[in-house]
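Inspection log for the structure reproduced underneath, given as structure tokens.
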Protein chains: 2
Amino acid sequence: MATQPAAVDRPATIHDIAAKCGVAASTVSRALSTPDRVNIRTRQRIEAAAAELHYTPNSQAKALSSGRTGAVGVLVPDITNPFYFDLIRGTQLQLKAAGYTQLLVDTEESDEVEASTMEQLRKSADGIIVAASRLTDDVLLAAAAKMPMVTINRDVEGVPAVIIDTPSATSQALDHLISLGHARVAYIAGPLTSQSSSLRWIALSEAAVERGVEVRRLGPFAPKTQSGAAAADAAVHSGITACIAFNDLIAIGMLQRLRERGIRVPEDMSIVGCDDIFGADFCNPPLTTMASPIEQAGRVAVSMLLAQLNPLAGGGNRSRSVMPTHLTVRGSTGPAPKVS
Amino acid sequence: MATQPAAVDRPATIHDIAAKCGVAASTVSRALSTPDRVNIRTRQRIEAAAAELHYTPNSQAKALSSGRTGAVGVLVPDITNPFYFDLIRGTQLQLKAAGYTQLLVDTEESDEVEASTMEQLRKSADGIIVAASRLTDDVLLAAAAKMPMVTINRDVEGVPAVIIDTPSATSQALDHLISLGHARVAYIAGPLTSQSSSLRWIALSEAAVERGVEVRRLGPFAPKTQSGAAAADAAVHSGITACIAFNDLIAIGMLQRLRERGIRVPEDMSIVGCDDIFGADFCNPPLTTMASPIEQAGRVAVSMLLAQLNPLAGGGNRSRSVMPTHLTVRGSTGPAPKVS
DNA sequence: CAACATATGGCAATCGGTTGTCATTGCCAT
DNA sequence: ATGGCAATGACAACCGATTGCCATATGTTG
């Protein structure tokens with residue numbers, strides 16, 4: 001029985017298999033990666049031996065020689081933002097299904113961290129997915145030239161992107177508010193470097209002109225619940241009756257602050273959030289918000305990236321994918337207060 | 001000026017630096033990793049060249065030759081569970097600070113996925129952090145023998161662990177409920193394979209005996225808000241006046257369901273959650289829950305793992321770290337209903 | 001100044017694979 | 001019987017770093 005020396009604890013390599021089968025290591029490599037290059041009989045022997053030895057390829061070595069790492073970097077500005085949970089899950093599932101590993105990095109809302117991470121990932125990942133980038137267009141474009149990249153919620157000419165169409169939902173939200181009798185509305189802006197925030201403001205102010213209502217912009221505010229207090233105070237002070245917030249975190253923070261100050265939602269003020277994150281349905285009152293298929297956006301981003309990585313496989317090589325969005329009406333919006 | 005051929009786009013290697021400085025590649029390697037092995041003057045030349053060429057070591061190659069990958073796997077059962085956000089952020093920050101990369105994997109509450117991931121990570125990571133493992137003690141112990149490992153919320157003899165002391169908080173919660181006049185309490189159990197859930201139940205039932213109150217166990221329920229409906233119905237049907245839920249997700253789900261059914265919280269029933277996740281403070285009513293320093297738990301886990309990886313560096317090599325927990329009282333608990 | 005210790009840097013093997021190139025083999029058609 | 005082609009598998013270079021060992025340069029001591 002003991003034809004081989006006591007099995008070493010160290011994981012098996014192709015050399016072990018080669019020795020066991022009496023072939024060269026390169027043959028083993030080919031049998032496993034290019035099965036057609038090898039006689040079916042030797043291949044079967046090799047496969048059997050591989051199975052017996054519990055062989056699993058060393059991904060480092062593979063990466064070194066083939067140049068492909070089998071990993072994809074996913075950059076998000078803030079891991080603890082619930083918006084990214086679903087996104088991350090979407091990318092994770094799709095990547096795993098395709099045999100890739102996800103390298104998740106929290107860039108802490110910092111463009112520097114984002115840039116340096118990209119540089120580092122350039123060697124340790126085959127491509128990257130960048131959500132809500134804080135970088136400028138040209139930096140992003142330059143980075144995309146160096147490695148396959150897909151952005152999420154960031155539209156730069158020449159860089160494949162998944163766009164969640166919140167601007168059009170924003171107009172929808174405005175219509176909703178107008179139909180409830182609101183005439184003075186505020187947009188609670190997100191970070192200045194957020195393209196989403198800019199685009200929404202543009203869409204919103206245009207829609208406002210068309211509809212003849214007043215919409216003012218407040219902020220910028222950090223996309224966190226803590227910023228909601230400042231946003232709420234600003235909103236109250238500006239004398240508007242409804243606001244559309246950059247995202248649900250801010251909106252929820254506003255809800256809390258308004259409650260503290262004794263201002264009723266939606267009786268005294270209506271609030272619309274964005275993203276329909278975890279929590280938007282059970283806060284008090286439940287938040288009217290612009291919902292989008294976030295997990296799906298993550299999946300689509302991965303598909304687009306993989307299409308770049310393996311151009312052979314068919315599939316229209318789309319460079320831009322827009323995810324539909326819709327308004328979900330809950331309890332935080334209501335008729336405008338009677339007297340101003 | 002142009003002493004060198006047009007800079008290639010490909011990232012610089014130690015050979016590029018070696019050529020530029022007129023030394024051997026090995027010298028460059030030494031200058032960068034073992035500075036004392038190299039003359040200070042050559043070292044400075046090399047460092048200058050490295051900086052100029054924007055050199056960054058190729059982690060794959062480094063891993064292959066040194067055996068260390070510079071990566072740490074972090075396994076969580078469900079990425080979308082807010083509980084893990086903070087944990088992940090804690091590990092991420094601490095790992096990054098120590099120069100490690102985090103490989104985040106969602107094991108989808110599956111022991112098989114968990115086991116196979118571990119096997120795969122064995123070659124691509126230096127160690128792993130396993131949160132709320134669904135594996136049995138012996139499997140876990142065997143895995144820990146093969147690679148450095150730290151568990152979170154899973155106490156197995158011989159495996160370093162970070163334990164969030166929810167059991168003692170559970171007794172605290174019970175006392176809180178008793179002081180409010182509750183005498184019939186239910187424990188809404190989590191997954192059967194969750195050790196945390198078992199330990200809490202044990203602590204709770206012992207405390208109940210001591211205090212002479214009735215505590216019954218309901219479940220198991222999946223740790224998701226959707227399970228809250230079933231849990232709420234079971235709680236109502238069992239005739240208790242207060243319950244302690246396995247975690248905040250279930251508790252929040254119960255809140256929603258009870259509201260639908262017209263059962264008032266806390267007037268008709270009190271609810272205590274666990275973890276103090278994102279959302280626990282703004283749900284309706286705000287949730288009384290057992291809070292714990294989750295992000296810190298992640299950091300501690302990383303520290304413990306790193307201590308295993310670099311035994312040289314001082315620092316007591318603790319094998320078990322208990323994180324304190326406390327009860328945060330909010331609006332979901334109140335006096336027991338007068339009549340039963 | 002001889003003798004020896006030490007500092008310094010180069011060579012080459014190695015990690016575990018991949019892949020280009022080439023030699024061998026067998027089979028076919030001519 | 002022979003030339004030609006395809007299939008097959010071995011050899012060896014290579015990916016980018018690390019590291020043991022050795023040769024040389026330098027410095028110290030008696």
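In what follows, every heavy atom counts, from backbone to side chain, and hydrogens, waters and symmetry copies are set aside. Here is how names work: the chains are called A, B, and so on, in the same order as the sequence lines, proteins then strands, and each is numbered from 1.
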Quiz item: B:Ser26 side-chain donor-acceptor pair to C:dC11 base, under 3.5 Å: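 Pair found.
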Let me know the distance between [atom1] of [X] and [atom2] of [N], rounded to the nearest Å.
X: B:Lys123; N: C:dC15; atom1: NZ; atom2: C1'; answer: 14 Å
X: B:Arg41; N: C:dG9; atom1: CZ; atom2: C1'; answer: 14 Å
X: B:Ile46; N: C:dG9; atom1: CD1; atom2: C1'; answer: 9 Å
X: B:Asn39; N: D:dT26; atom1: CG; atom2: C1'; answer: 11 Å
X: B:Leu64; N: C:dC15; atom1: CG; atom2: P; answer: 9 Å
X: A:Lys62; N: D:dA17; atom1: NZ; atom2: C1'; answer: 21 Å
X: A:Arg37; N: C:dA23; atom1: CZ; atom2: P; answer: 15 Å
X: B:Ile14; N: C:dA12; atom1: CD1; atom2: P; answer: 16 Å

Using C1' atoms of five pairs at each end, report the bend of the helix from C:dC1-D:dG30 to C:dT30-D:dA1 rounded to 10 degrees. 50°
Polar side-chain atom of [X] near backbone of [Y] as donor-acceptor pair, under 3.5 Å:
X: B:Ser29; Y: B:Ala25; answer: no
X: A:Asn153; Y: A:Ile164; answer: yes
X: B:Asp126; Y: B:Val72; answer: no

Within residues 27-35 of chain A: residues closer than 4.0 Å to DNA chain C (heavy atoms): A:Ser29, A:Arg30
Between B:Thr56 and A:Gln120, is there a side-chain heavy-atom distance shorter than 4.5 Å?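 Not touching, per the 4.5 Å side-chain cut-off.
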Going by heavy atoms in the side chains, are B:Leu309 and B:Arg68 under 4.5 Å from each other? no
Less than 4.0 Å between a side-chain N and a carboxylate O, is that true for B:Asp36 and B:Arg30? no
Run the side chain to side chain donor-acceptor pair (under 3.5 Å) test against A:Ser196 and tell me which residues pass, sequence neighbours left out.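 Expected list: none.
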For D:dG9, take OP1 and OP2 only and decide whether either is under 4.0 Å from a side-chain N or O of A:Thr42. yes
Contacts of B:Arg43 and B:Ser65 projected onto DNA chain C by closest heavy atom; the upstream (5') one is B:Arg43
Under a plain distance cut-off of 3.5 Å, with no hydrogens placed, do A:Gln60 and B:Thr69 share a side-chain donor-acceptor pair?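 Side-chain D/A pair, B:Thr69 to A:Gln60: absent.
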Which nucleotide in the list D:dA17, C:dG17, C:dG9 gets nearest to the side chain of B:Tyr55?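 Output: D:dA17.
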With a sphere of 6.0 Å drawn around CD of A:Glu112, does it hold more than 12 non-hydrogen atoms of other residues, nucleotides or ligands? no
